[in-house]
Amino acid sequence: MARIGVGYVPQVDDVFAPLTVRENLEMGGYLLKAREVPARVEHVLEVFPQLRRMVTRRAGKLSGGERKMLAMGRALMLEPALVVLDEPTANLAPIIAASVLREHVRQLARTGASVLVVEQRAKAVLEISDRTYVLGGGQLRMEGTPSELSASGEFIESFSRWNAHRVSWVGGR
């Protein structure tokens, strides 16, 4: 998938805990020529400047939000056209989850990559999405812009009725 331009950030086990932040980023560049890796690491550190002060820290010592940011940065190393984020707020405190969505996902989208967020925190993701799809029972149940869905009573009800997952597009190509 990486070779065709898809980056993936899993819900759990999204960083290599024993490795440093820099080593994690370098791992994300595994398809690059060795001479290209330093420039790509530098680019990721420009996208996520908060990581710069942590480059020598072991990933296992990062907070949950910092780990998510690192995982997104690692996915960016290959300049993907699409980044898939699987439940990026899972196991995060509400305030950290909101920060990950508002700040980190938006930073990721500003790189030009399309970002596909699979997430159950409906209202929070609506605030950052350009387009939203609601899946339930393996089927597309609803779709629309955040404003269209926010105005729909069926949208809020859908989560209890279908045990729905949301798939949202955030910026990008």
Side-chain angles (χ1 to χ4, degrees), residues 1-16 19 21-55 59 62-92 96-135 140 143-147 149 165-173:
M1 296 306 290
R3 289 185 202 283
I4 63 168
V6 178
Y8 176 65
V9 177
Q11 178 178 347
V12 294
D13 298 327
D14 52 358
V15 297
F16 300 104
L19 301 181
V21 166
R22 181 174 302 280
E23 290 166 338
N24 267 270
L25 294 176
E26 290 168 348
M27 290 292 290
Y30 67 99
L31 292 176
L32 299 173
K33 292 182 170 102
R35 68 180 182 276
E36 298 172 323
V37 173
R40 290 302 306 156
V41 168
E42 186 57 33
H43 172 73
V44 170
L45 295 177
E46 289 170 8
V47 172
F48 296 111
Q50 307 92 314
L51 289 176
R52 189 174 300 280
R53 63 180 165 75
M54 302 177 225
V55 292
L62 302 178
S63 72
E66 292 167 343
R67 290 170 70 108
K68 278 298 168 196
M69 183 175 30
L70 175 57
M72 290 178 201
R74 193 178 65 238
L76 266 184
M77 285 292 294
L78 296 176
E79 295 183 272
L82 170 68
V83 178
V84 178
L85 302 177
D86 185 6
E87 299 279 351
T89 67
N91 302 320
L92 297 178
I96 301 300
S99 173
V100 165
L101 292 174
R102 240 185 2 263
E103 297 169 25
H104 306 328
V105 174
R106 274 290 173 206
Q107 285 171 291
L108 188 59
R110 281 193 290 273
T111 67
S114 291
V115 181
L116 176 65
V117 181
V118 179
E119 179 63 63
Q120 291 188 36
R121 294 178 193 236
K123 290 181 182 178
V125 177
L126 273 182
E127 294 175 10
I128 64 162
S129 299
D130 295 325
R131 186 98 184 139
T132 300
Y133 302 86
V134 179
L135 305 176
L140 179 64
E143 68 176 290
T145 65
S147 59
L149 292 177
H165 279 76
R166 297 192 53 262
V167 178
S168 295
W169 287 99
V170 180
R173 303 174 199 161

Restricting to non-hydrogen atoms, name the atom on A113 and the atom on V83 that form the minimum distance, rounded to 0.1 Å. CB-CG2, 4.2 Å

Review item, side-chain donor-acceptor pairs of residues 36-44, under 3.5 Å, at least two apart:
unit_1: E36; atom_1: OE1; unit_2: K33; atom_2: N; d: 2.9
unit_1: R40; atom_1: NE; unit_2: M77; atom_2: O; d: 3.0
unit_1: R40; atom_1: NH2; unit_2: L76; atom_2: O; d: 2.8
unit_1: E42; atom_1: OE1; unit_2: R52; atom_2: NH1; d: 3.3
unit_1: E42; atom_1: OE2; unit_2: R52; atom_2: NH1; d: 3.3
unit_1: E42; atom_1: OE2; unit_2: R52; atom_2: NH2; d: 2.7

Quick one: are Q50 and H104 in side-chain contact, heavy atoms under 4.5 Å? yes

Would a 4.5 Å heavy-atom cut-off, applied to side chains only, mark S114 and L82 as touching? yes

Would you check if the side chain of R106 reaches a backbone N or O of I128 as a donor-acceptor pair within less than 3.5 Å? yes

Would you check if R3 and L78 make a side-chain contact, meaning some heavy-atom pair closer than 4.5 Å? no

Can you find a pair of side-chain heavy atoms, one from R110 and one from Q107, that are under 4.5 Å apart? yes

Which heavy-atom pair separates R74 from L25 by the least distance, and what is that distance? N-CD2, 3.6 Å

Only one of L85, V6, V84 clears side chain to side chain contact (heavy atoms under 4.5 Å, CB included) with L116; which? V84

Can you check whether L101 reaches T89 side chain to side chain, under 4.5 Å on heavy atoms? yes

Taking all non-hydrogen atoms of both residues into account, name the closest pair between A2 and L31 and its distance. CB-CD1, 3.9 Å

On a heavy-atom basis, the closest approach of V100 and P88 is CG1-O, 4.1 Å

Run the side-chain hydrogen bond (donor to acceptor under 3.5 Å, both in side chains) test against E26 and tell me which residues pass, sequence neighbours left out. none

For a 4.5 angstrom cut-off between non-hydrogen side-chain atoms, does T145 reach R131? yes

Give the minimum heavy-atom separation between V15 and A71, together with the two atoms involved. CG1-N, 4.1 Å

How would you list, by chain and number, every residue that makes a side chain to side chain contact (heavy atoms under 4.5 Å, CB included) with D86, sequence neighbours excluded? Y8, Q11, V118

Spacing of CG belonging to L32 relative to CD belonging to E79, to within rounding of 0.5 Å: 8.0 Å

Spatial distance of atom CG (D14) from atom CE (M69) [nearest 0.5 Å]: 12.0 Å

Okay, side chain of N24, backbone of F16: is any donor-acceptor separation there less than 3.5 Å? yes

What one should report as the nearest heavy-atom pair of L70 and A59 is CD2-CB, 3.8 Å

From K68 NZ over to N91 CG, what is the distance, rounded to the nearest 0.5 angstrom? 8.5 Å

